[in-house]
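This report concerns only the one structure given below.
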Amino acid sequence: MARTVPVVRELARAGVCVSVDTMHAPVVRASVGAGARLVNDVSGGLADPAMARTVAAADVPYGAMHWRAPSREMDRHADYGDVVADVMAELGARLWRLTEEGVDPARIVLDPGLGFSKRPEHDWKLLAGLERLRTLGFPLLVGASRKRFIGAALAEGGAGEVPPSGRSPAGPSKQPPGWPPGSRTACGSTPSPAAPGHSPPR
């Protein structure tokens, strides 16, 4: 944090819209105080019980990702029936808790968590099911850049994985097979605030 906050402060002073990616409430408090304008939490508030109230007090857009476990053990939690339905149900539970703790629904952006407690086949099913995920009524942020499922799809002969350095498509000709029609790839994404009036399912 001692290195992060000065960078956030200087970028904010230069007029840059800064998003801080953290699972820790103290980092949110310090970074927003230094000028960060968005928070992205890969745990959706599960890693730090103080996160929801901290984000509520900060009143900034909050990216809440579907998450089951820390990275070191997440592969052991990649079991689903219908992965889209399961992710929707778990995100719905998160939405309820976040708003109960005071987070403004109009500030929430949802992320299905590609690659986190997901095998490649789960990631493809989630991409194909984005319209179902949209029925939760919140903006979606989909982080697919360089994820393992892309490496598997681009591997010659379907064996192994292309390393991360070769997973960024340069254009439509290198778009991974099965990518949803009309989708776009980007090096980075900035979530926009949700439209007012949305409330999470209970």
Looking only at atom types and distance, does a side-chain atom of [X] sit under 3.5 Å from a main-chain N or O of [Y], one as donor and one as acceptor?
| X | Y | value |
| --- | --- | --- |
| Asp48 | Ala25 | yes |
| Ser117 | Met74 | yes |
| Arg119 | Ala78 | yes |
| Trp124 | Leu126 | no |

Looking at [X] and [Y], what are the two nearest heavy atoms and their distance?
| X | Y | result |
| --- | --- | --- |
| Glu101 | Ala52 | CB-CB, 3.5 Å |
| Pro26 | Met1 | O-SD, 3.7 Å |
| Gly129 | Val84 | O-CG1, 4.1 Å |
| Met51 | Asp41 | CG-OD2, 3.5 Å |
| Ser31 | Thr4 | OG-CG2, 4.4 Å |
| Pro49 | Ala47 | CD-O, 4.1 Å |

Pairs meeting criterion side-chain hydrogen bond (donor to acceptor under 3.5 Å, both in side chains) with involvement of residues 76-89, two or more places apart: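 Passing the test, one end in residues 76-89: Asp82-Arg132.
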
Given Val39, Val28, Leu38, Asn40, the one that forms side-chain contact (heavy atoms from CB on, under 4.5 Å) with Tyr62: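 The side-chain contact (heavy atoms from CB on, under 4.5 Å) with Tyr62 is passed solely by Val39 among Val39, Val28, Leu38, Asn40.
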
Residue among Arg94, Lys118, Met88 satisfying side-chain contact (heavy atoms from CB on, under 4.5 Å) with His66: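 Per the side-chain contact (heavy atoms from CB on, under 4.5 Å) rule, the option paired with His66 is Lys118, out of Arg94, Lys118, Met88.
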
Heavy atoms of other groups near Arg9 CZ, more than 12 under 6.0 Å: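 Counting neighbours around CZ of Arg9, more than 12 heavy atoms of other residues, nucleotides or ligands fall under 6.0 Å, so yes.
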
Electrostatic pair Glu100:Arg97 at N-O distance under 4.0 angstrom: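 No, Glu100 and Arg97 are not salt-bridged.
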
Pair Val142-Asp111, side chain to side chain contact (heavy atoms under 4.5 Å, CB included): steps then yes or no: CA-CA 6 Å; Val142 180; Asp111 183 338; 5.6 Å; no

Spacing of CG belonging to Leu91 relative to CG belonging to Leu133, to within rounding of 0.5 Å: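 Taking CG in Leu91 and CG in Leu133, the distance rounds to 7.0 Å.
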
Within one Ile-Leu-Val-Met-Phe-Trp-Tyr cluster: Leu130 and Val87, side-chain cutoff 4.5 Å: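 Per the 4.5 Å side-chain linkage, Leu130 and Val87 are co-clustered.
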
Val16/Glu10 under side chain to side chain contact (heavy atoms under 4.5 Å, CB included): CA gap, chis, key distance, verdict: CA-CA 9 Å; Val16 177; Glu10 290 306 311; over 6 Å; no

